[in-house]
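Just so it is clear: chains get the letters A, B, ... in the order the sequence lines come, proteins before strands, and each one is counted from 1.
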There are 2 protein chains.
Amino acid sequence: MSQAVRHDAMRARNLALVLGEVGARGAVTRAALAEITGLTKTTVSKLVGDLIEGGLVVETGAVRDGERGRPGVEIRISGRHVAALGLEVNVDYLAVCVVDLARTVRLRRTQAVDNRAALPVDSIARLGDLAANVVDEAVEKGLRVVGGVLAVPGPVDRATGDVRNAPNLGWRDVPLASLLQHFPFPVRVENEANLAALGELWFGSGLPDFLHVSGEIGIGAGLVVRGRLFRGAHGFAGELGHVVVAPDGPQCRCGGRGCLEQYAGQDALLAAAGGVRGQLGVAQVAQRLREGDERARAACERAAWALGVALSSAINLVDPGAIVLGGIYAPLFRWIGDVVGDTLRARLGQMRGTVPPVIVSRLGAEAAALGAAGQVIEQVMADPAALLHT
Amino acid sequence: MSQAVRHDAMRARNLALVLGEVGARGAVTRAALAEITGLTKTTVSKLVGDLIEGGLVVETGAVRDGERGRPGVEIRISGRHVAALGLEVNVDYLAVCVVDLARTVRLRRTQAVDNRAALPVDSIARLGDLAANVVDEAVEKGLRVVGGVLAVPGPVDRATGDVRNAPNLGWRDVPLASLLQHFPFPVRVENEANLAALGELWFGSGLPDFLHVSGEIGIGAGLVVRGRLFRGAHGFAGELGHVVVAPDGPQCRCGGRGCLEQYAGQDALLAAAGGVRGQLGVAQVAQRLREGDERARAACERAAWALGVALSSAINLVDPGAIVLGGIYAPLFRWIGDVVGDTLRARLGQMRGTVPPVIVSRLGAEAAALGAAGQVIEQVMADPAALLHT
DNA sequence: ATATTTAGTCCACAACATAGACTAATTCGG
DNA sequence: CCGAATTAGTCTATGTTGTGGACTAAATAT
């Protein structure tokens, strides 16, 4: 429910408006901000003054624009004070990163760990150490880490931040919220596929509308519409892996049959490409593809066709502006992109004038950790007043 | 992009907040409104004063609540002044209705017309006459019609309000916007499936989260999340009819194969139920079902199974709070509801604790016209200041 | 060197919400 | 039946914030 608007809320919104415009345009003078926002020069000056005082933006030197008249002073987002922590637990690695308010990645660490074999508590403790290190380094650089988000591969209870069941990780009822309380700033928990999509939004293509597909053991999707993540009624939207490809297809672990995961999930793809299960990684498949291995090629084609079928359902339902393939699909894009695109055109081309373009994510495995940190930054950008008054 | 907030915007938002609370609770005193909204009694009194002056709310007599202290005066939405026009063109009928601000349906008219056989201009002219009549009647009742929305079965260009292609009606490039200009209030155009979903939201079950399925010749779906319609990047979301049920199934008019429409669309269902095409209506099939006709039963079962398969994909993707079956599925619900539910439970039950309930729409064919009028009402509720200042 | 132009600041003012005093209308207790 | 207590609603002084126009600052054009 919306809240009452008082003078402080008015100010908070206008601060966010100005900060947002500065972020969107990179560098703007106060005069230009007044023009853009419709606020008066007076108001913009006062707002910018507050933002400068809070360390969120900085004045850069005067502009020599060659026009006549007094040159304006450009304002830009300051990356020197406020920063955010991104954390990720995945099946076979831990990752942390620190991102500043200008969305520059200042620090990152990755550690290869088999988190399926470890206890959740130990994985989290290890991640905590890793995070403590980068936070210390960030503090040395003069940064103030104002919050963190942890990406986990599985559904997260939005209310408590706990994980009820993350099958890929072997986690059940892990009280994450309480394990993350020792940080000197709030840390929230969020689904990895959602955060990967947001990572793509803030650090990748820059498109405002897309469906990001995270190919891992499961296949998650994050839908971004007008720069906002779509979550559904309970926060479980985006389970692309269990969209039906063929209703009488192979039995899936979810209880259904013929789910996408059985055709294009990591396990199915590797099994089809290489024979002995567990012996082959995605990198090796890519290598074999480069060498022209026929079996690997056929496996990719089948997976890509299935992905195309599932995506055609997804496009009909949610009308995304583009399809971004990430996770294991990123290194395999050369061999699956076209088949996916052709399948979409065959199934959708007649109905819709244009089929959403299928593009590859440029972020790789970092996407989720970046999205996690980015979400904190986004929160600051959306409500800078909350930070200024503390 | 968000806009600058000035004093007038602050006031506008608080007016909307108060009006919204009055709408949500039916009847509230100023004191209760102050408590609920967090605004002071002074402010609430002033806001309510403005709303009364504008005819949007009325004071009803003092409350005798038995408590001690001065009794409050209850405020409720006034249905006596502001009203909205809902219009619908469908394949075989035209419909108009007038709804007041209290969301009471004040007038409705339906006319059976074969709009596929008629020229678009003639259909619209006929609809215009029908609308002019009810608007006159509304004016006689002291109502002020402040806007209208027209529901059409097909994708609508959100920018212009024109219809590029509505295959079920046989419309191509109909400049609806210009045909609707003669009304003394603005009339927008919107997709019929979306409006039917909104009709369900405002005049039906009252649920805030659901996917409404409009079974007609095509199968449209409207997704409502937290009381808001999800439209997708271009406004074409909800094409449930072309979600894949079986990738090698029957050829569909969209170019794909095995789309839901080929199993559960009106034509497919009637053909499977009755043999000779075009000879049978949904009402007759329902009659045969009541008589225990085996062929009709089998047709429904097949359609329901396919609907379940497509909906399981939809639920995985968009995570709706419930499934509401409308259009032709409403009269057939007795014979399809259980199969749909069973299919969903079989495909989703293991993954999700609970499967969204499958319920029937209570609105029938009026859903879209009601949703159309409701959308205007909703606009007034969301920004009453726009109406007060004119 | 002076006029012109544009950027940014200053100040009086207006709009709106707040806080608390005040009035109004009811119930409770004697 | 009357006064105390209680709750609803109004009135007034005050504070915060944005506006608009005057003013100062710093550049280019002539």
Side-chain angles (χ1 to χ4, degrees), chain A residues 2-18 21-22 27-53 57-76 384-385 388-389, chain B residues 2-18 21-22 27-53 57-76 384-385 388-389:
Chain A
S2 63
Q3 276 297 300
V5 179
R6 271 160 277 231
H7 293 109
D8 57 339
M10 173 161 74
R11 183 132 247 259
R13 251 188 89 92
N14 287 337
L15 276 168
L17 179 66
V18 167
E21 283 310 328
V22 173
V28 228
T29 63
R30 288 171 238 255
L33 282 169
E35 180 96 12
I36 293 161
T37 60
L39 294 163
T40 59
K41 290 189 294 176
T42 310
T43 306
V44 169
S45 274
K46 275 191 275 188
L47 293 168
V48 167
D50 281 9
L51 292 172
I52 289 175
E53 203 181 331
V57 303
V58 280
E59 279 185 338
T60 58
V63 178
R64 286 283 152 91
D65 55 1
E67 301 277 310
R68 73 197 211 160
R70 171 178 167 179
V73 178
E74 289 200 318
I75 311 296
R76 57 179 74 225
L388 296 182
H389 294 158
Chain B
S2 63
Q3 275 298 301
V5 179
R6 270 160 278 229
H7 294 111
D8 57 337
M10 174 161 73
R11 181 135 251 259
R13 250 186 87 93
N14 287 337
L15 276 169
L17 180 65
V18 167
E21 263 345 298
V22 173
V28 229
T29 64
R30 288 170 239 254
L33 282 168
E35 179 96 11
I36 294 161
T37 60
L39 294 163
T40 59
K41 290 188 295 175
T42 310
T43 306
V44 168
S45 273
K46 274 192 277 189
L47 293 168
V48 167
D50 281 10
L51 291 172
I52 289 175
E53 204 181 330
V57 301
V58 279
E59 280 185 338
T60 57
V63 180
R64 287 281 151 94
D65 54 1
E67 301 275 310
R68 74 202 212 156
R70 172 178 167 179
V73 178
E74 290 201 316
I75 310 296
R76 58 181 73 228
L388 296 182
H389 295 156

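Taking 4.0 angstrom as the limit, B:Arg11 places a side-chain polar atom (N or O) nearer than this to OP1 or OP2 of C:dA17.
Taken from CG in A:Leu39 to CD in B:Gln3, the straight-line distance is 9.0 Å, to the nearest 0.5 Å. The CD atom of B:Glu35 sits 11.0 Å away from atom NZ of B:Lys41, with the distance rounded to the nearest 0.5 Å. Here A:Lys46 contributes atom NZ and A:Asn14 contributes atom CG; the two are 11.0 Å apart, rounded to the nearest 0.5 Å. Distance check: A:Leu47 CG to A:Ile52 CD1 gives 11.0 Å after rounding to the nearest 0.5 Å.
Summarising the geometry of B:Val28 relative to B:Ala32, their closest heavy-atom pair is CG1-CB, 3.5 Å, with the distance given to 0.1 Å. Closest heavy-atom contact between A:Arg13 and B:Val5: NE-CG2, 3.2 Å. Closest approach of A:Leu15 and A:Ala385 over heavy atoms only: CD1-CB, 4.1 Å. The two atoms that bring B:Ala34 and B:Thr40 nearest to each other are CB-C, 4.1 Å, heavy atoms only.
One can place CG of A:Asp8 at 13 Å from C1' of C:dC16, the figure rounded to the nearest angstrom. The interatomic distance linking A:Ile52 (CD1) with C:dG8 (P) rounds to 10 Å, in whole Å. Straight-line distance from the CG atom of B:Leu17 to the C1' atom of C:dC16: 15 Å, rounded to whole Å. The CZ-C1' distance, from A:Arg6 to C:dA19, rounds to 13 Å in whole Å. What separates CZ of A:Arg70 from C1' of C:dA3 is a distance of 18 Å, to the nearest Å. Distance CE (A:Met10) to P (C:dA14): 16 Å, rounded to an integer number of Å.
The side chain to side chain contact (heavy atoms under 4.5 Å, CB included) test with B:Ile75 singles out one residue from B:Val18, B:Val48, B:Leu51, and that residue is B:Val48.
Of the two residues near DNA chain C, B:Ala12 and A:Glu74, the one whose nearest nucleotide lies more 5' is A:Glu74. Of the two residues near DNA chain D, A:Pro71 and B:Glu67, the one whose nearest nucleotide lies more 5' is B:Glu67.
Listed by residue number, the members of residues 39-49 of chain A with any heavy atom below 4.0 angstrom from DNA chain C are A:Lys41, A:Thr42, A:Ser45.
Of all nucleotides in DNA chain D having an atom under 4.0 Å from a heavy atom of chain A, the first and last in 5' to 3' order are D:dG15 to D:dA29.
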